[in-house]
Enquirer: 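Take this structure first; my questions come after.
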Amino acid sequence: MMCASMQGALAFQKGLGAVHSLSHAIGGLRPDLHHGELNAALLPHIIGFNQAAPSVVDEKKIDRLAEMIGSEHTSEAVANAVADLTARPS
């Protein structure tokens, strides 16, 4: 079971994308940090990072996300809007 669990965890990290896999890794090092908050904190940075790699960025997804959150249809604008959303107090 331990071996199967380890293999599952390795596979889980690989296909999630940068935000989710980094959140899992950081959360493993710092269990006191909430997984959802880590996702929210990392998302704007990963959107900006992916902007530099046009083969990674799906412009249709950026457009759809921009439409949903009411921002301009650029990766930079979406990243800034997501950062603003996550900065709001609950």
Side-chain angles (χ1 to χ4, degrees):
M1 287 304 289
M2 186 169 53
C3 183
S5 177
M6 172 74 167
Q7 290 174 354
L10 290 172
F12 192 56
Q13 299 295 328
K14 186 173 181 180
L16 296 175
V19 173
H20 212 131
S21 61
L22 283 170
S23 293
H24 275 285
I26 294 169
L29 295 172
R30 292 279 312 270
D32 58 313
L33 298 176
H34 188 272
H35 180 70
E37 290 176 349
L38 287 169
N39 284 330
L42 291 168
L43 183 58
H45 301 285
I46 299 300
I47 291 171
F49 178 80
N50 285 343
Q51 182 181 3
S55 62
V56 174
V57 176
D58 183 345
E59 289 300 325
K60 290 179 185 176
K61 288 182 180 178
I62 294 293
D63 288 341
R64 201 167 81 211
L65 184 56
E67 207 169 290
M68 284 189 238
I69 61 177
S71 79
E72 294 178 31
H73 290 241
T74 66
S75 292
E76 184 178 356
V78 169
N80 290 336
V82 169
D84 290 344
L85 286 171
T86 60
R88 293 182 186 162
S90 53

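Quick caveat, the model's predicted, so the values are computed rather than measured. Note that the numbering runs from 1 along the sequence shown for the chain.
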Enquirer: Quick check for you: to the nearest 0.5 Å, what is the distance between Ser21 atom OG and Ile26 atom CD1?
Expert: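 Ser21 atom OG to Ile26 atom CD1 measures 9.5 Å (nearest 0.5 Å).
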Enquirer: I'd like to know if Leu38 and Phe49 are part of one continuous hydrophobic network [Ile/Leu/Val/Met/Phe/Trp/Tyr, side-chain heavy atoms within less than 4.5 Å].
Expert: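 Different hydrophobic clusters.
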Enquirer: Could you grab the distance from atom CG of Leu65 to atom NZ of Lys61, nearest 0.5 Å is fine?
Expert: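 Between atom CG of Leu65 and atom NZ of Lys61 there are 11.0 Å.
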Enquirer: Once rounded to the nearest 0.5 Å, what's the spacing between atom CG of Asn39 and atom NE2 of His34?
Expert: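 Between atom CG of Asn39 and atom NE2 of His34 there are 9.5 Å.
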Enquirer: If you compare all heavy atoms of Leu42 against all heavy atoms of Val19, which two are closest, and at what distance to 0.1 Å?
Expert: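 Of all heavy-atom pairs spanning Leu42 and Val19, the closest is CD1-O, 3.9 Å.
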Enquirer: Of all heavy-atom pairs between Ala66 and Glu72, which one has the smallest distance, and what is that distance?
Expert: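 For Ala66 and Glu72, the tightest heavy-atom pair comes out as CB-O, 3.4 Å.
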Enquirer: Out of curiosity, Leu43 CG to Leu22 CG, how far, rounded to the nearest 0.5 Å?
Expert: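 It is 11.5 Å, given to the nearest 0.5 Å.
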Enquirer: Over all heavy atoms of both residues, which pair between Ser71 and Val78 is shortest? Give the atoms and the distance, please.
Expert: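 Closest pair (atom of Ser71, atom of Val78, distance): OG-CG2, 3.6 Å.
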Enquirer: Which pair of heavy atoms, one from Glu76 and one from Gln51, lies closest together, and at what distance?
Expert: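 Heavy-atom minimum between the residues: N-OE1, 3.8 Å.
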Enquirer: With rounding to the nearest 0.5 angstrom, report the CD1 to OG distance, Ile62 to Ser75.
Expert: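 Going from CD1 on Ile62 over to OG on Ser75, the span is 4.0 Å.
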Enquirer: If you measure from OG1 on Thr74 to CG on Asn80, what distance do you get to the nearest 0.5 Å?
Expert: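 Taking OG1 in Thr74 and CG in Asn80, the distance rounds to 8.0 Å.
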Enquirer: Name all residues meeting the side chain to side chain donor-acceptor pair (under 3.5 Å) criterion together with His45; count only those two or more places apart in sequence or in a different chain, and write none if there are none.
Expert: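 By the side chain to side chain donor-acceptor pair (under 3.5 Å) rule, His45 matches no residue at all.
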Enquirer: Evaluate the criterion side-chain contact (heavy atoms from CB on, under 4.5 Å) for residue pair His73 and Glu59; output intermediate values, then yes/no.
Expert: CA-CA 9 Å; His73 290 241; Glu59 289 300 325; over 6 Å; no
